[in-house]
Amino acid sequence: MLLSVLSWLCSSLFVCVRGGALPEAEVDIEVLHRPFLCHRKSKYGDILLVHHEGYLENGTMFHSSRTHGDKQPVWFTLGIREVIKGWDKGLQDMCSGEKRKLIIPPALAYGKEGKGKIPPESTLTFIIEVVEIRNGPRSHESFQEMDLNDDWRLSKDEVKEYLRKEFERHGYPPNDTLHENMVKDIFAKEDENKDGFISSREFTYKHDEL
């Protein structure tokens with residue numbers, strides 16, 4: 001959902017293995033292809049565009065972004081639980097154009113409940129190709145991208161222009177009324193000192209969900 005483009009990043013917490021605690025389940029990662037040139041690697045908070053295929057343990061494909069649905073790659077933010085834990089863990093440090101095979105145990109997939117075609121306690125295999133990596137919504141780089149006049153604060157016009165560009169990038173037509181309403185909602189919640197601007201501090205260090 002496009003509103004998540006401006007949602008604050010959630011902090012990802014990891015439990016250290018101590019004493020007699022059971023070790024956390026791991027993802028088996030195999031790099032199938034890595035481009036010769038890699039200008040940046042994926043990290044928590046980045047927005048990734050990926051193609052993927054999912055397989056059950058018996059080799060049955062249960063989903064493919066290339067042949068199912070709208071046959072388009074999918075966007076998601078890495079590290080904030082928009083996807084299963086196995087993806088968040090297994091898609092770090094990837095380059096655009098890189099392809100990996102992930103074998104994900106049930107604890108990092110759909111666990112005891114399963115989902116749809118996926119039975120409970122299923123170990124899943126995914127073939128995932130990263131098509132594009134973009135700055136996440138709360139990165140310093142994103143703030144600079146939105147701050148058109150370099151004054152270290154975001155005006156309503158700057159946020160509205162950013163929304164317009166994001167809608168356009170995702171193939172949605174302009175919608176001034178919707179953009180105005182989104183801007184009002186964003187400033188009502190994020191303009192902490194009510195001065196009509198979102199400062200770099202308010203943008204970078206707040207973590208409340210919109």
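The structure presented is a predicted model; accordingly, all values stated were derived computationally and were not measured. Just so you know, these numbers use all the heavy atoms, side chains as well, and skip hydrogens, waters and symmetry mates.
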For a side-chain contact (heavy atoms from CB on, under 4.5 Å) check, start with the C-alpha distance between Leu48 and Trp75, then their side-chain angles and the critical distance, and finish with the verdict.
CA-CA 6 Å; Leu48 306 188; Trp75 289 99; 6.0 Å; no
Is a donor on one side and an acceptor on the other found under 3.5 Å between the side chain of Ser42 and the backbone of Met94?
yes
Please test Leu163 against Val183 for side-chain contact (heavy atoms from CB on, under 4.5 Å), starting from the C-alpha separation and ending with a verdict.
CA-CA 9 Å; Leu163 288 172; Val183 169; 3.9 Å; yes
NZ/Lys101: more than 12 non-hydrogen atoms of other groups inside 6.0 Å:
no
Could you check whether the rings of Phe76 and Trp87 sit parallel, tilted or perpendicular, using 30° and 60° as the cut-offs?
tilted
If you round to the nearest 0.5 Å, how far is NZ of Lys160 from CG of Leu178?
10.5 Å
Between Thr123 and Pro105, is there a donor-acceptor pair closer than 3.5 Å when you use the side chain of the first and the backbone of the second?
no
Distance-only, no hydrogens or angles: does the Arg34 side chain make a donor-acceptor pair with backbone N or O of Cys95 under 3.5 Å?
no
Supply the atom-to-atom distance Glu30 CD to Ile103 CD1, rounded to the nearest 0.5 angstrom.
7.5 Å
Look up atom CD in Glu82 and atom OG1 in Thr77, then write down how far apart they are to the nearest 0.5 Å.
4.0 Å
So, are Lys165 and Glu168 salt-bridged, with charged N and O less than 4.0 Å apart?
no
Do Glu158 side-chain atoms and Ser155 backbone N/O form a donor-acceptor pair below 3.5 Å?
yes
Atom pair CD1/CG of Ile29 and Leu102 - distance to nearest 0.5 Å:
6.0 Å
Test item: Asp147 side-chain N/O and Trp152 main-chain N/O as donor-acceptor pair under 3.5 Å:
yes
Which atom pair, heavy atoms only, marks the closest approach of Phe197 to Asp191?
O-OD1, 2.7 Å
Nearest non-hydrogen partners of Arg40 and Asp46, listed with the distance
NH2-OD1, 3.1 Å
Donor-acceptor contact below 3.5 Å, side chain Gln92 vs main chain Gly79:
no
Count I, L, V, M, F, W, Y as connected when their side-chain heavy atoms are under 4.5 Å apart, and connections chain through other members. Are Val74 and Tyr44 then in the same cluster?
yes
Is the shortest side-chain heavy-atom distance between Val31 and Glu98 below 4.5 Å?
yes
Between Glu129 and Arg66 (salt bridge meaning N to carboxylate O under 4.0 Å), is one present in this structure?
yes
Show the nearest heavy-atom pair for residues Lys112 and Pro120, with the distance to one decimal.
O-CB, 3.0 Å
When rounded to the nearest 0.5 angstrom, what is the spacing between OG in Ser96 and NZ in Lys41?
12.5 Å
Are the side chain of Ser122 and the backbone of Leu124 linked by a donor-acceptor contact shorter than 3.5 Å?
no
Are Val83 and Leu78 joined in one hydrophobic group, where the rule is that I, L, V, M, F, W and Y side chains link up if heavy atoms are under 4.5 Å apart?
yes
Shared hydrophobic cluster, Ile198 / Leu148 (ILVMFWY, side-chain heavy atoms < 4.5 Å)
no
Supply the atom-to-atom distance His68 NE2 to His63 NE2, rounded to the nearest 0.5 angstrom.
7.0 Å
Taking the side chain as C-beta and beyond, is there a heavy-atom pair between Asp93 and Lys43 under 4.5 Å?
no
Check whether Met61 and Ile127 end up in the same hydrophobic cluster, where Ile, Leu, Val, Met, Phe, Trp and Tyr are linked by side-chain heavy atoms less than 4.5 Å apart.
yes
Give a yes or no on whether the backbone of Asp185 and the side-chain of Asn181 come within a donor-acceptor separation of less than 3.5 Å.
no
Evaluate the side-chain proximity of Ile104 to Ile84: yes if any heavy-atom separation is below 4.5 Å, no if none is.
yes
Check Tyr110 against Lys115 and note the closest heavy-atom contact, atom names and distance.
CE2-CD, 3.4 Å
Side chains of Lys184 and His179, heavy atoms from C-beta outward: is any pair under 4.5 Å?
no
Shared hydrophobic cluster for Leu32 and Leu91 (ILVMFWY, side-chain gaps under 4.5 Å)
no
Closest non-hydrogen atoms of Leu108 and Lys89, given as atom of the first, atom of the second and distance, are CD1-CD, 3.8 Å
Would one find more than 12 heavy atoms of other residues, nucleotides or ligands at under 6.0 Å from atom NZ of Lys194?
yes
Please walk me through it: do Phe126 and Arg100 pass side-chain contact (heavy atoms from CB on, under 4.5 Å)?
CA-CA 8 Å; Phe126 289 93; Arg100 288 183 180 179; over 6 Å; no
Checking Asn58 against Thr60: is there a side-chain donor and acceptor pair closer than 3.5 Å?
yes
Determine, for Phe187 and Lys156, whether the Lys NZ or Arg CZ falls below 6.0 Å from the six-membered ring centre while staying within 45 degrees of the axis.
yes
